[in-house]
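The shown structure was predicted, so the numbers you read here are calculated from the model rather than taken from an experiment. Residues take their numbers from the sequence shown, with the count starting at 1.
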Amino acid sequence: MYYSLLFKIFLTSLCVTALGIYAIQSGFLDVTDVTRLLPTGTRRLQFSKERLPGRNIGPYPSKNRSSCSCEGYTLNAQHVPVDELEDLQRRRSEEYRQYQLRMRTKMDSLILAQANSPLQYPIQGFVVQPLTKTVIPGLAVHARKRKLYKVSLSVKKGVLSVEDVLEGDQVEGKGQRELTISSSSLKHLNDLLSRVTYTSTTYHVRTKDLVIFSFEDYESLFSIEIMRPSVPVLYDPGKDINSQVTIATKTFLRYDELNILIESIRQFYPDIKIIIADDSLEPQNVTGYNLEHYIMPPTQGWFAGRNLAISQVTTKYFLWVDDDYIFSNNTQIEKFVEIMEKVPELDVVGGAVGKDQFFFRLKYEEGDEEEGGCLRRLHRRKFQSVPGLDGCFFVDGVVNYFLARTDAVRRVGFDPFLKRVAHTEFFLDGLGDLLIASCKGLTVGHQKKRKQSKYRRFRFPGRKDGKNKLAHHYFKNYLKCISTSHHVVSVKPKLRHFRSANRSSCSNGGMLARPKISEELLKNIVKRRAEEYRQHQIRMGANLDRLLIAPANSPIQYPMTGFTVSPLKKSIIPSLALQTQKRAVYKVSLSVNSGVLSVDDVLDGDHVDGQDQSNMTISSSNLTHLNNLLSRVTYTSTIYHIKTSDFVHFIFEDHEVIFPITIKRQTVPVLYDPGTDVNSQVTIATKTFLRYKELNVLIKSIRMYYPDIKIIIADDSLKPQPVTGKNIEHYIMPPTQGWFAGRNLAISQVATKYFLWVDDDFMFLKGTQIESFVEIMEAVPELDILGGDVSGNQYYFKFEYEEGDEDEGGCLTRIKKGFHQALPNFPNCILVDGVVNYFLGRTDAVRRVGFDPYLKRVGHSEFFMDGLGQLLIASCKGLSIGHQRHKPRGKYAYFRSQKKSEGRRKVYHHFFKNYLKNIKY
């Protein structure tokens, strides 16, 4: 009898369970409706089976990488000598690890917004300055009545606090990484939350922290971007084509063709500046009005010459031409400029040489992290038309006749390793960094070819050069292969976009940068300046960092941050879901601006309206079925861009959320092989002018301690003297081109991972150890510049910069001996904004900022000003070099000293270029 009763109870339980499963599967009973079955007092309308802390909100990797196929490609590793491959792979892996740290590829984590959470917080656009206290916007709790409300917040790279805490406020952990706030009043709790602040404790020019925000069983994650504001760097386009564009070319043994090119340019553009880089075996004089001829060591190569020429450009744009082109009536530079000004995000616009409008696309797969990626060039393939410009379309590479934005191309640079045949390689390095178009109707002529046996011998490389180039890409670009063919409370916060920063006028008591000229001239300059700044903001993506607040108690689950797609490629939007109580019909809508939405594998009977449109509606009588459809929602951008964003509006009944989609073209890594010793890691660079005696003392002292290291010398002396020696490269500039022009030239020729900058009157000592610099830079791969001391003078400074309002511009103050904090793990090193003229620099990082060739005589802080927010800089004790004893004399003293008028012009220059209202040194 007893067993019979147990058996009946078991059968009854089994039937109830089966009935429950049937009810859930049929949609009669929703999973989220099981709160009816919970005991009174434990019911919670926001109940979700996935609410366990950290269970489903991330952070997740934004992408999963796998090996890519090399079928039909050339295997790059095959071209590395077998006895060198193992060691090279080790160095390659280490450089790639450092590259990922520097590019912050691990920071783009995917974080999901949990459905039915009572927590409100910023999901995007919250940006703080390092080491600066900032209120966290939008923090709040929206929940039903409780006896006690208690929340906790924690961070890793900073400390939390609450402003203006009164006696009786229950706040624990002020000034620490973990903060707890409690109150018996929800209103009081939210008032305290509105005053929570975050202060980063680690100085960095750009990094992120994650905040964990918890209330009872609910937990949310959101990111804080820690970023040093950067100073704008603008070019004054002036009034005509001559102040907008410089023509640049590289020549080698083809002076007849070069002179024909120059003559044709002068026929149509008599005043435009022409820059020529020349690595001929026996250089000839090339002279003319507004023409600059730079003489390189013989056979330095194609890309080294390009780098040199571009390093000397001071205009907003440059037009690249080969030395055997010829201008005609159809060669109209103004048309190029018109296109670039209309689309300020464009970096390069290519035309046609004769009838050849050469262009291509690059197909790149990252591959896995051990093997590397796969790259294929697709000839005459394009993406889509440039909106509003007939005859122009987006591509990845163009012909050797193009107009380019000077700062953008300098940022990528031309690899000096590639000496003879190279073209695609520049565009490969710029993939994902440069927005490129090719346009019809922009033509230049090509001269008839002449017989030149010596030129042809250098022009066409042998098979060995081709193999070396493939091996180079294996390391440098990390390529495996390459081929050239919801609610408890009725309160619903108003959802809107916030500006991530509210800007106002600033003042620092410094010099007024605005030039003292007539009102008419000033008005014109201010107008051009404002337009350049508008374009700068577009290019820097200033309008993309909108602050979005995650509404509390929303039944909608969605990706908050880290969802990145490739342009024009279909991608599933991860983790879209709805978690709510039983309804007769569940209906959601999604909309975007710059793409189309779709649901994969839609069946007959699925209620999906708006497939492949910007607005889509999905409905179902079954929540499980609706979530199944949501899990297959895809997004495809309809505009091509290398980096932009779209916003998704996701609506269910009166609940709405907004989340971002980052649209970004993948970039190819650009790495330097550090080799096996300091000679393959570092190049010594200097600039000289009329000081050959001091220069020779410097060289002799270098060779005493580093007999094999490469030395690069940029020389703009009035009457250059030959400077020769083992592994010395001497570059002759036009006379008195200036200090920063020489720096730019020297750095443009560096092919090693690092360079050591020294002045020509320094002197190496026994304690001058380049290896100590390298050791620190390798230990902290995010460092860009490391300064030492000159004869005991450890000169360094920091900047205080306020953006000011958008009409007047910013305020900048230099604070000597000011620093941010100690460099972690290096007690003798501090983080600063500028160092002495003796520093180890990361070649690619310094090239991206560059030295302004406008500054001819006195210039130092100006480079660090341009690099503010871009370069992570440290100064260390114990890294010493000597200074030769001498006094400025004769002609050198005359050119070295800066006149008052030059000082004023420099300040006025910053008014436009750096958008500064005033400056204080």
**Asked** Which residue pairs pass the ring pair (Phe, Tyr, Trp, His ring centres under 6.0 Å) test when at least one of the two sits in residues 676-716, sequence neighbours left out?
**Response** F689-F895
**Asked** Taking only residues two or more places apart in sequence, or in another chain, which ones meet Y838 in a ring-ring contact (aromatic ring centres under 6.0 Å, His included)?
**Response** F773
**Message:** Testing the 3.5 Å rule here: is there a donor-acceptor pair between the side chains of E778 and Y754?
**Reply:** yes
**Request:** Indicate yes or no for a side-chain donor-acceptor contact from N468 to the backbone of A471 under 3.5 Å, with no hydrogens or angles considered.
**Result:** no
**Request:** Return the minimal non-hydrogen interatomic distance between F797 and F799, and the atom names on each side.
**Result:** CE1-CZ, 3.4 Å
**Short side-chain to backbone donor-acceptor contact, Q884 and F762, under 3.5 Å** = yes
**Asked** Knowing that exactly one of D844, T843, V849 qualifies, which makes a side-chain contact (heavy atoms from CB on, under 4.5 Å) with R847?
**Response** T843
**Asked** Under the salt bridge (Lys or Arg N to Asp or Glu O under 4.0 Å) criterion, do R691 and D761 qualify, and how do the steps go?
**Response** CA-CA 8 Å; R691 296 203 295 193; D761 62 345; 3.4 Å; yes
**Prompt:** What are the two closest heavy atoms between I709 and V682, and how far apart are they?
**Reply:** CG1-O, 3.3 Å
**Message:** Keeping S680 on the side-chain end and P674 on the backbone end, is there a donor-acceptor pair under 3.5 Å?
**Reply:** yes
**Message:** Any side-chain to backbone donor/acceptor pair from N914 onto V231? Under 3.5 Å, distance only.
**Reply:** no
**Asked** Side-chain contact, heavy-atom cut-off 4.5 Å: V723 with I699?
**Response** yes
**Message:** Using side-chain heavy atoms (C-beta onward) and a distance below 4.5 Å, is Q681 in contact with I770?
**Reply:** no
**Message:** Given 3.5 Å as the limit, does a donor-acceptor pair link the side chain of K480 with the main chain of G373, or not?
**Reply:** no
**Prompt:** Of all heavy-atom pairs between M763 and I881, which one has the smallest distance, and what is that distance?
**Reply:** O-CG1, 3.3 Å
**Request:** Taking all heavy atoms of P283 and all of I295, pick out the closest pair and write down the distance.
**Result:** CG-CG2, 3.6 Å
**Asked** Is a donor on one side and an acceptor on the other found under 3.5 Å between the side chain of R842 and the backbone of L783?
**Response** yes
**Request:** Check whether the side chains of K273 and T315 place a donor and an acceptor atom closer than 3.5 Å, and report yes or no.
**Result:** no
**Request:** Look at the aromatic rings of F417 and H472 and report parallel, tilted or perpendicular, splitting at 30° and 60°.
**Result:** parallel
**Asked** Is there a donor-acceptor contact under 3.5 Å from the side chain of D279 to the main chain of M296?
**Response** no
**Item:** Sidechain-backbone polar pair: K476 side chain, L671 backbone, donor-acceptor under 3.5 Å
**Value:** no
**Message:** Between K469 and E425, is there a side-chain heavy-atom distance shorter than 4.5 Å?
**Reply:** yes
**Prompt:** Can you name the closest pair of heavy atoms from F303 and H423 and give their distance?
**Reply:** CZ-N, 4.1 Å
**Request:** For T287 and N285, test the side chains for any donor-to-acceptor distance below 3.5 angstrom and give the result as yes or no.
**Result:** no
Side-chain donor-acceptor pairs of residues 741-750 under 3.5 Å, sequence neighbours excluded:
| unit_1 | atom_1 | unit_2 | atom_2 | d |
| --- | --- | --- | --- | --- |
| R743 | NH2 | N837 | OD1 | 2.3 |
| N744 | OD1 | F851 | N | 2.9 |
| N744 | ND2 | S311 | O | 2.8 |
| N744 | ND2 | F851 | O | 2.9 |
| S748 | OG | L745 | O | 2.6 |
| Q749 | OE1 | Y731 | OH | 3.3 |
| Q749 | NE2 | A304 | O | 2.9 |

**Asked** With a 3.5 Å cut-off and no angle check, do the side chains of D789 and S880 form a donor-acceptor pair?
**Response** yes
**Message:** Taking T201's backbone N and O only, do any of them form a donor-acceptor pair with Q821's side chain (distance below 3.5 Å, no angle check)?
**Reply:** yes
**Request:** Would you name the heavy atoms of G841 and M777 that are closest together and state the gap between them?
**Result:** C-CE, 4.4 Å
**Prompt:** Can we say K687 and D716 salt-bridge, meaning some charged N sits less than 4.0 Å from an Asp/Glu carboxylate O?
**Reply:** yes
**Message:** Keeping D784 on the side-chain end and L872 on the backbone end, is there a donor-acceptor pair under 3.5 Å?
**Reply:** yes
